[in-house]
Colleague: 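Below are the C-alpha cells for one structure; questions will follow.
Atoms considered below: every heavy atom in the structure, side chains included; atoms not considered: hydrogens, waters and symmetry mates.
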Amino acid sequence: MHVGNARTGLFSWLFARHHGGTFILRVEDTDASRVTDEAIDILIDSLRWLGIDWDEGPEVGGPHAPYRQTERLDIYREKADALIAGGHAYHCFCTKEELEERRAAAMARHEAPGYDGRCRTLTDAERRAFEDEERPAALRFHMEDKEYTVHDLVRGDVHFAAGSLRDFVILRSDGSPTYLLAAAVDDLLMEMTHVIRGEDLLPSTPRQLAILDALGAPAHPTYAHLPLIVGADHKPLSKRHGSVAVEAFREQGYLPEALVNYLALLGWSKDESTTFLSRDELIEAFDLDRVSHNPAAFDTEKLEWMNGHYIKELQVDDLAARLLPFFSEAGVAVEPDVLSEAVPLINERMKFLPEAVELLRFLFTDDIRPNEKAAKLLAKAGPDYVRAAATALEAADPWTAEGIMAALDGCAEAAGLNRTKGWQPVRAAVTGSNISPPLPESLQLLGRERTLARVRSATG
RNA sequence: GCUCCCAUCGUCUAGGGGCCUAGGACGCCGCCCUCUCAAGGCGGAAACACGGGUUCAAAUCCCGUUGGGAGCACCA
C-alpha cells in the first residue's frame, strides 16, 4: 500500500471517527488483472498495522456486503442495463486502433482527445453490421451537454464546462465494469455520505455524479479531494524516491504511531505549532476545513526524526517487545531480561528499530570481531594499555557502573589519558566497535568474566 | 493541445486586510553538555513567484503573467 493511499485512508478514517460516522472499506478490484488476493491481504495488514479499523468491509462484514467489487459484478450489470434502458448508455464498437487514431487526429487539430461520440449516432444498419461481424462492444455512458459542478469540501465549488466531459466506458467489452460505474453504483447502494480521495480523482467526480443522477440517486455523496503527496523533487512519489509502501516502512523499523502522526501532518495541521498528536488527539482535532490545497512533498528526514521521537517515548517493555522480531531476523538470540535492561541505554540513540541489533549485538554473542575503527583504536592504544585495562577491570569493585567507571578512570589516568582516549580501546575490545551504548553500563550488563575475556583477547 | 487544481523559509506548515520587523517543526550552521554515538539545551541563517489593481492599509481580496501539478484509458 502506497503511503499516498495510506494518507487518504487515514484522513477518511479520522474524518469518520471525528464525526462519529461509519468507516467503510471497499475493495475496488474491477481490473482483476491488476489486483491479486495477496495485494488485498497486504492492504488489509497495512491498514491494521497503522491502526485504521473499519466498521464495514472485508473480514468484518456489514449490511451492504459483499465489499469486494469483483463479488458484485451482477449488481453492476443490472445497473448498466438500467442505464441503457434509460437512454444513458450505448454500445460502442470502436476498436482500440480506431480510438487511438481518432485521438491522435484530435490532438493534431488541437482539440481535446476524449471520445468523439461516434457510436452514439450509429444508424440501425451500421449497428447491425457490427453485430453481424460479432465485433466486441463496450458500453459507454452518455454525458449530457451541460455544466457540472462538484461541491468539494476542500476546494469549494469546481465547475466543469459543458462539453468538456466526454462519453466514457462503464462496461468493458468483456462485460466487466470499470471503476467509474462500480464506484458510483456502490456509493449509491452503500449509502455513502462522504468520499475522501486524492486530487487525481477530481476530474472523475462529475462523471460519477452523472451516473448517480442517471440512476435516480436521491442525493450525492459529499466529496473532498486531498492534495497529492509527491517526492522531494515534487514529482509523483515512486520507488525511486525510496520507500513508498507502508510495508517497507514497517520492515525498516518505523513505528506505526510515527508514520500516522507524520502522515496526518502531510496536508493537514491542527494549529500553528502542534507537532505531536496521539491517535486520540488526531481524532479529536481532525477535520477537513484545515486540509491544505497544495501538494505535499514527502520528507523522509522529518519522518525519521519523528520515528526517533516516538521510540524514545515508548515504555521500556514495549520497545523491547517491538525489537524482538528484528533481533530474530538478524539471527541474534536475545536474553529477554538482558534486553530489557539494555533498552534504556539505547532508546534515545535510535531512529529505527533495527539499529538496536547493531548497538546490542555484543551482549548476545561472544563472537566479537573488531571493525576497522575498533581495530585502529586497539592498535593505537597498544597491548600494554589494554592489559592494564584488563587488570584494572579485574579489580573493579563492585561490578557496577560506578565501580567500573572508577576502574576505567584509574587506568586512563595512570596512562595520562583523558576519558575519551582511555575508554575507547576498552569499548573497541568489548563491543568490536567505536560506537556503543554508555560503556560502564554496557560492561556491567555483560558481566565481569565476559568483559575480561574480551579485553584480554584483544591484547594481541 | 484541451479541462481542472495549486503557488509563504530547501521541506511540512501557521496566517483569511492592520496583531507580520511573517510564527512553529524537520533539515542546515554555531555554542553548551558529554566516555563513543546519539539525545538534550541555547542561539543563528533561511520564505510571502512576478506584475497590475481594490483599500487609509494586502502574504491575506480581484485580474493577469510565470511556474508547478492532475486529468483527458475497455487503469483506478
Side-chain angles (χ1 to χ4, degrees), chain A residues 28-31 33-35 92 94-96 99-100 103 106-115 136-140 150 152 154-155 158-161 163-166 168-180 182-183 197-206 225 227-228 230 232 234-236 262 265-276 290 292-306 308-309 312 346-351 355 359 373 377 405 408-409 412 418-424 426-428 431 433-440 442:
Chain A
E28 304 193 324
D29 60 343
T30 52
D31 184 359
S33 69
R34 301 199 340 175
V35 182
C92 172
C94 297
T95 64
K96 196 172 185 180
L99 291 172
E100 259 162 34
R103 187 174 305 137
M107 295 274 270
R109 278 181 269 120
H110 293 187
E111 289 171 12
Y115 186 66
L139 192 66
R140 273 186 197 276
V150 176
D152 189 277
V154 172
R155 281 155 221 284
V158 181
H159 305 283
F160 293 85
S164 67
L165 298 160
R166 304 308 188 85
F168 54 91
V169 170
I170 53 175
L171 235 42
R172 302 186 183 92
S173 47
D174 67 0
S176 65
T178 61
Y179 163 75
L180 262 359
R197 37 154 55 159
E199 191 189 5
D200 51 332
L201 267 336
L202 184 52
S204 85
T205 307
H225 290 89
L228 264 18
V230 297
H234 282 93
K235 300 288 180 205
Y262 177 72
L265 261 18
L266 267 193
W268 176 83
S269 62
K270 177 177 186 282
D271 53 36
E272 62 287 332
S273 61
T274 304
T275 299
F276 300 111
R290 290 188 63 87
S292 158
H293 291 194
N294 323 359
F298 193 89
D299 182 358
T300 307
E301 287 186 323
K302 187 163 181 176
L303 206 212
E304 287 178 10
W305 164 79
M306 189 163 272
H309 168 85
K312 280 189 275 293
I346 61 165
N347 66 162
E348 66 185 26
R349 345 187 161 243
M350 298 167 57
K351 272 185 171 160
E355 287 177 292
L359 250 16
K373 287 185 173 162
L377 283 166
M405 189 180 284
L408 288 169
D409 279 343
N418 63 20
R419 260 189 190 169
T420 302
K421 291 244 167 68
W423 290 24
Q424 278 300 76
V426 178
R427 189 191 308 278
T431 70
S433 170
N434 56 312
I435 297 168
S436 84
L439 195 55
S442 294

Colleague: Do A/Asp31 and A/Arg172 pass the side chain to side chain contact (heavy atoms under 4.5 Å, CB included) test, and can you show the C-alpha distance, the side-chain angles, and the key distance before you say yes or no?
Modeller: CA-CA 10 Å; A/Asp31 184 359; A/Arg172 302 186 183 92; 4.1 Å; yes
Colleague: Taking the six-membered ring for Trp, are A/Phe298 and A/Tyr262 ring centroids under 6.0 Å apart?
Modeller: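 Yes, they do, as the ring centres are separated by less than 6.0 Å.
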Colleague: Heavy atoms only, 4.0 Å cut-off, all strands: where does A/Gly267 land among base, sugar-phosphate and nothing?
Modeller: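 Sugar-phosphate, backbone atoms only, no base.
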Colleague: Roughly how many Å apart are B/C26 and B/G64, using the P atom of each and rounding to a whole number?
Modeller: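 The answer is 40 Å between these two P atoms.
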Colleague: In whole angstrom, give me the gap between the C1' atoms of B/A46 and B/U11.
Modeller: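 12 Å, rounded to whole Å.
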Colleague: Drop me the distance from A/Leu265's CG to A/Phe276's CZ, to the nearest 0.5 angstrom.
Modeller: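 Rounded to the nearest 0.5 Å, the CG-CZ separation comes out at 9.5 Å.
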Colleague: When rounded to the nearest Å, what value does the distance between P atoms of B/U13 and B/A49 take?
Modeller: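 The answer is 15 Å between these two P atoms.
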Colleague: Is there a Watson-Crick or G-U wobble partner for B/C20 with both distances under 3.5 Å, and which nucleotide is it?
Modeller: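 The answer is none; no pair meets the criterion.
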Colleague: Name the nucleic acid region contacted by A/Ser436, choosing base, sugar-phosphate or nothing; use a 4.0 angstrom heavy-atom cut-off, strictly under.
Modeller: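 Base contact - A/Ser436 has a heavy atom under 4.0 Å of at least one base atom.
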Colleague: B/C48 and B/U54: how far apart are their P atoms, nearest whole angstrom?
Modeller: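 Approximately 24 Å lies between the P atom of B/C48 and that of B/U54.
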Colleague: Under 4.0 Å between any heavy atoms, over every strand shown, what does A/Arg166 touch: base, sugar-phosphate, or nothing? Just pick one.
Modeller: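 Touches nothing.
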Colleague: By nearest heavy atom, map A/Ala296 and A/Glu301 onto RNA chain B; which one lands nearer the 5' end?
Modeller: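 Per heavy-atom nearest nucleotide, the more 5' residue is A/Ala296.
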Colleague: Using a 4.0 Å heavy-atom cut-off across all strands, classify A/Pro113 as base, sugar-phosphate, or nothing.
Modeller: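 Base contact - A/Pro113 has a heavy atom under 4.0 Å of at least one base atom.
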Colleague: In Watson-Crick or G-U wobble terms, both distances under 3.5 Å, what is the partner of B/C2?
Modeller: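 WC or wobble partner is B/G71.
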Colleague: Between B/G17 and B/G30, how far apart are the two P atoms, rounded to whole Å?
Modeller: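 Their P atoms lie roughly 42 Å apart.
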Colleague: Given the C1' atoms of B/G24 and B/G1, what is the spacing between them in whole Å?
Modeller: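 Between the two C1' atoms, the distance is 43 Å.
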Colleague: NA contact type, A/Arg419, heavy-atom cut-off 4.0 Å: base, sugar-phosphate, or nothing?
Modeller: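 Here A/Arg419 touches the backbone only, sparing every base.
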Colleague: Applying a 3.5 Å limit to both distances, which nucleotide forms a Watson-Crick or G-U wobble pair with B/C42?
Modeller: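 Pairing partner: B/G30.
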Colleague: Do any side-chain atoms of residues 266-273 of chain A form donor-acceptor pairs under 3.5 angstrom with protein atoms, and if so which ones, sequence neighbours left out?
Modeller:
unit_1	atom_1	unit_2	atom_2	d
A/Trp268	NE1	A/Asp287	O	3.4
A/Ser269	OG	A/Arg290	NH2	3.4
A/Asp271	OD1	A/Ser273	N	2.8
A/Asp271	OD1	A/Thr274	N	2.7
A/Asp271	OD1	A/Thr274	OG1	2.9
A/Asp271	OD2	A/Thr274	OG1	2.8

Colleague: If you look at every strand shown and take non-hydrogen atoms under 4.0 Å, does A/Arg197 touch a base, only sugar-phosphate, or nothing?
Modeller: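 Counting heavy atoms under 4.0 Å across all strands, no contact is made by A/Arg197.
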Colleague: Just to be sure I understand the rule, does A/Pro227 reach a base, reach only the sugar-phosphate, or reach nothing, if contact means heavy atoms closer than 4.0 Å?
Modeller: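 Answer is nothing: A/Pro227 stays at 4.0 Å or more from every strand.
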Colleague: Without hydrogens or angle criteria, can the side chains of A/His225 and A/Thr205 be said to hold a donor-acceptor pair below 3.5 Å?
Modeller: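 Yes.
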Colleague: Assign A/His159 to base, sugar-phosphate, or nothing according to its heavy-atom contacts below 4.0 angstrom with the strands shown.
Modeller: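 Counting heavy atoms under 4.0 Å across all strands, the contact made by A/His159 is with sugar-phosphate only.
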Colleague: Just call it for A/Asn434: base, sugar-phosphate, or nothing, with non-hydrogen atoms closer than 4.0 Å on any strand.
Modeller: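 Base contact.
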Colleague: Just checking A/Lys96: base, sugar-phosphate only, or nothing, at a heavy-atom cut-off of under 4.0 Å?
Modeller: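 No contact at all - A/Lys96 keeps every heavy atom at 4.0 Å or more from the nucleic acid.
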Colleague: Just call it for A/Leu201: base, sugar-phosphate, or nothing, with non-hydrogen atoms closer than 4.0 Å on any strand.
Modeller: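 Touches a base.
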Colleague: Taking atom NZ as the centre, does A/Lys373 end up with more than 12 heavy-atom neighbours from other residues, nucleotides or ligands that are less than 6.0 angstrom away?
Modeller: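 12 or below, so no.
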Colleague: Hey, does A/Pro227 have a side-chain heavy atom less than 4.5 Å from the side chain of A/Asn294?
Modeller: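 Contact flag for A/Asn294/A/Pro227 side chains = no.
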Colleague: Using a 4.0 Å heavy-atom cut-off across all strands, classify A/Arg427 as base, sugar-phosphate, or nothing.
Modeller: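 Touches a base.
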Colleague: Give one of base, sugar-phosphate or nothing for A/Thr30, where a contact means two heavy atoms less than 4.0 Å apart.
Modeller: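 Since only primed, P, OP1 and OP2 atoms lie under 4.0 Å of A/Thr30, the category is sugar-phosphate.
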Colleague: Measuring from atom CG of A/Leu408 to atom CH2 of A/Trp423, what distance do you get when rounded to the nearest 0.5 angstrom?
Modeller: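 The distance works out to 5.5 Å.
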Colleague: In whole Å, what separates the C1' atom of B/G44 from that of B/G27?
Modeller: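 B/G44 and B/G27 have their C1' atoms separated by 14 Å.
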Colleague: Are any of the side-chain nitrogens in A/Arg155 or A/Glu199 under 4.0 Å away from the carboxylate oxygens of its partner?
Modeller: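 The answer is yes: the pair qualifies as a salt bridge.
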Colleague: Tell which nucleotide pairs with B/G51, taking only Watson-Crick or G-U wobble pairs whose two distances are both under 3.5 angstrom.
Modeller: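 The answer is B/C63, by the H-bond criterion.
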Colleague: Anything under 4.0 Å to a heavy atom of chain A counts; send over the first and last such nucleotide of RNA chain B, read 5' to 3'.
Modeller: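 Terminal contacting nucleotides, 5' to 3': B/G1 to B/A76.
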Colleague: In whole angstrom, give me the gap between the C1' atoms of B/C75 and B/C12.
Modeller: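 One C1' to the other, the span is 30 Å.
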Colleague: Between A/Ser164 and A/Asn294, which residue's closest nucleotide on RNA chain B lies nearer the 5′ terminus?
Modeller: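 The answer here is A/Ser164.
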Colleague: In the strands shown, is B/C35 matched to any nucleotide by a Watson-Crick or G-U wobble pair with both distances under 3.5 Å, and which?
Modeller: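 Pairing partner: none.
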Colleague: Could you let me know what B/A57 is paired to, Watson-Crick or G-U wobble, both distances under 3.5 Å, or none if it's on its own?
Modeller: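 When the pairing criteria are applied, nothing turns out to pair with B/A57, so the answer is none.
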Colleague: For a quick check of understanding: with a heavy-atom distance under 4.0 Å over all strands, which category does A/Arg109 fall into, base, sugar-phosphate or nothing?
Modeller: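 Touches nothing.
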